2 protein chains.
Amino acid sequence: MVSLAVQTRKPERYEEILGAAAECFCQQGFAATSIDAVARYLGSTKGRIYHYFPSKMDLFNAVRDRGMELSFESIRPGYEAEASAVDRLALMAHGQCYAMMEHIAYMQVLLDGLRQRRYGATTEFQRKAMQRHLEQRDDFEARYIEVLKAAVAEGALRIGEMRLVSRSFLAAVNAPVFWFVPREDDDPEKLGRFADEITQFAMQGLGVDWTSERMQAMHKLKEGAYV
Amino acid sequence: MVSLAVQTRKPERYEEILGAAAECFCQQGFAATSIDAVARYLGSTKGRIYHYFPSKMDLFNAVRDRGMELSFESIRPGYEAEASAVDRLALMAHGQCYAMMEHIAYMQVLLDGLRQRRYGATTEFQRKAMQRHLEQRDDFEARYIEVLKAAVAEGALRIGEMRLVSRSFLAAVNAPVFWFVPREDDDPEKLGRFADEITQFAMQGLGVDWTSERMQAMHKLKEGAYV
DNA sequence: GCAAACATACTACCGGGTATGCTGTCAAAT
DNA sequence: ATTTGACAGCATACCCGGTAGTATGTTTGC
């Protein structure tokens with residue numbers, strides 16, 4: 001955990017470090033990324049980073065937590081929408097898939113964070129942070145499972161083992177984290193089409209006949225949700 | 001690349017090291033795993049490992065290559081089966097999904113290997129090894145795309161952007177690498193049921209109406225392919 | 001003038017790699 | 001059959017570069 005005092009004193013400087021760390025961590029992973037490398041990326045030196053973050057692990061945790069926040073934000077419109085469970089699910093998938101590409105660096109760090117589960121003890125404080133993060137992951141998956149169950153209750157789809165299906169679903173939605181590379185000509189429309197295609201695959205995977213009409217209805221719902 | 005002479009002189013000792021390395025690398029990743037840690041896992045010291053592998057990177061490459069071999073093996077029955085493209089595809093997915101759980105350690109290492117793409121230069125020889133590996137990955141995906149196109153040609157399914165669909169498909173099939181943890185009571189039937197469920201999700205994602213009859217037909221085909 | 005916001009200099013340690021030492025085995029020489 | 005030496009198969013000891021973390025300047029804004 002980072003001292004909130006330091007974090008809010010100069011928010012933009014803090015954010016700059018966080019972004020640079022995300023960029024570095026996502027390329028080489030936590031272990032292979034040195035604090036000096038992050039500092040070089042910033043055109044600075046270690047001193048600056050250690051002024052905001054007490055340790056490398058804390059820096060990583062901050063990046064990871066930010067990634068989690070972005071993830072939750074991405075599914076919120078769908079999760080909170082007042083619509084059928086199937087439409088909510090699709091909107092969640094679409095939002096998360098889009099965020100996967102928009103915030104690719106943070107999402108790749110989030111992926112790397114999975115490994116640290118067995119990273120041994122470190123401090124008691126660190127262990128708490130890890131446990132908190134694991135709970136967040138569970139909460140995240142629980143939201144999908146909640147809406148999935150609602151969809152089943154609505155008779156919109158039939159599912160075998162819930163855990164297996166939800167994880168297959170999430171894997172498909174998360175997939176861009178592996179292959180997406182940002183380009184100059186990335187525009188929201190293009191990313192949107194990517195997300196559309198993947199959402200369709202995921203929804204069909206559930207056994208839903210995801211027609212283009214339903215896709216359009218989902219997009220309408222999305223516009224409405226943001227108002 | 002590892003000298004074949006050393007590898008074949010004492011195959012079982014070589015394999016033991018390879019397995020231990022897979023086990024260690026898959027938990028902490030390449031960078032965070034020390035050669036000493038692998039040696040400790042073996043109840044030995046560095047000397048033994050460096051007697052078989054010239055460097056840490058070579059050890060990792062050997063594990064990764066083995067993982068690739070296992071992957072190719074896992075989809076071969078489906079890829080080479082004489083059946084409809086859709087059935088072949090399902091059999092490929094099922095085989096790979098099963099291998100994902102059976103050889104979880106090697107597969108997690110394979111996942112970690114993705115990151116090393118931008119790992120900088122190292123030696124010219126290492127760069128060759130990396131390029132060879134990337135070509136293998138492309139070949140692997142190409143096999144799926146080939147059968148996918150055949151399925152489209154057969155009129156069995158309709159697909160939007162091929163790359164997006166193939167990667168969503170693969171992501172769903174690969175998903176167990178993230179959540180599967182081996183247990184004492186793991187039996188082939190259990191893993192088979194997991195693979196069944198995931199295969200169904202993936203096939204449905206393609207828009208195929210994957211009935212239990214087709215699933216059974218696929219299993220029949222699998223038995224036949226092994227004879 | 002004083003503290004925040006850094007940069008610089010330094011320490012301690014870990015881990016990859018190497019050089020060297022030790023032991024059992026096996027095959028050829030006697 | 002015994003000797004011997006040569007090499008595989010490791011273990012031990014050591015070197016050294018890189019890195020996390022710290023301690024101490026230095027500058028800039030208020």
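The chains referred to below are lettered A, B, ... by the order of the sequence lines, with proteins before strands, and numbering in each begins at 1. This one's a predicted model, so the numbers in the text were calculated from it and none came from an experiment.
- Taking atom CE of A:Met57 as the reference point, atom C1' of D:dT19 lies 16 Å away to the nearest angstrom.
- D:dT28 atom C1' lies 15 Å from atom CZ of A:Arg48, rounded to whole Å.
- Geometrically, B:Arg88 engages B:Tyr79 in a cation-pi contact, judged by NZ or CZ lying under 6.0 Å from the ring centre and within 45° of the ring axis.
- Rounded to whole Å, the distance from CD1 on B:Ile49 to C1' on C:dT18 is 15 Å.
- Residue B:Ile35 contributes atom CD1, which lies 13 Å from atom C1' of C:dT18 at whole-angstrom precision.
- The side chain of A:His51 lies closest to C:dA4 when the candidates are C:dA4, C:dA7, C:dG17.
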List the steps, then state whether ring-ring contact (aromatic ring centres under 6.0 Å, His included) holds for A:Phe25 with A:Tyr106. CA-CA 9 Å; A:Phe25 282 140; A:Tyr106 284 97; over 10 Å; no

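- Side-chain atoms of B:Lys46 come within donor-acceptor range of the base of C:dG17, with a qualifying N/O pair under 3.5 Å.
- Dashed line: the shortest gap from a side-chain N or O of B:Ser55 to OP1 or OP2 of C:dG16 is not under 4.0 Å.
- Computed from coordinates, the A:Lys56 NZ to D:dG21 P distance equals 8 Å when rounded to whole Å.
- When the side chain to side chain contact (heavy atoms under 4.5 Å, CB included) test is applied to A:Phe140, the partners found at least two apart in sequence or on another chain are A:Ser71, A:Phe72, A:Ile75, A:Gln96, A:Tyr144, A:Leu170.
- When the nearest nucleotides of DNA chain D are assigned to A:Gly47 and A:Asp36 by heavy-atom distance, the more 5′-ward of the two goes with A:Asp36.
- Within the structure, every side-chain polar atom (N or O) of A:Arg13 is placed at least 4.0 Å from both OP1 and OP2 of C:dA4.
- Of all nucleotides listed (C:dT8, C:dG16, D:dT22), D:dT22 comes nearest to the side chain of A:Tyr50.
- Residues B:Gln108 and B:Val177 approach most closely at NE2-O, 3.1 Å, considering heavy atoms.
- If you measure from atom CZ of B:Phe53 to atom P of C:dG16, you get 15 Å, rounded to the nearest angstrom.
- Nucleic acid contact class of A:Ser34 (heavy atoms, under 4.0 Å, all strands): sugar-phosphate only.
- Protein atom CZ of A:Arg40 is 14 Å distant from nucleotide atom C1' of D:dA20, rounded to whole Å.
- Counting heavy atoms from C-beta on, the side chains of B:Arg167 and A:Ile198 never come closer than 4.5 Å.
- Between C:dG17, D:dG9, C:dC6, one nucleotide has an atom nearer to the side chain of A:Tyr52 than all others, and that is C:dC6.
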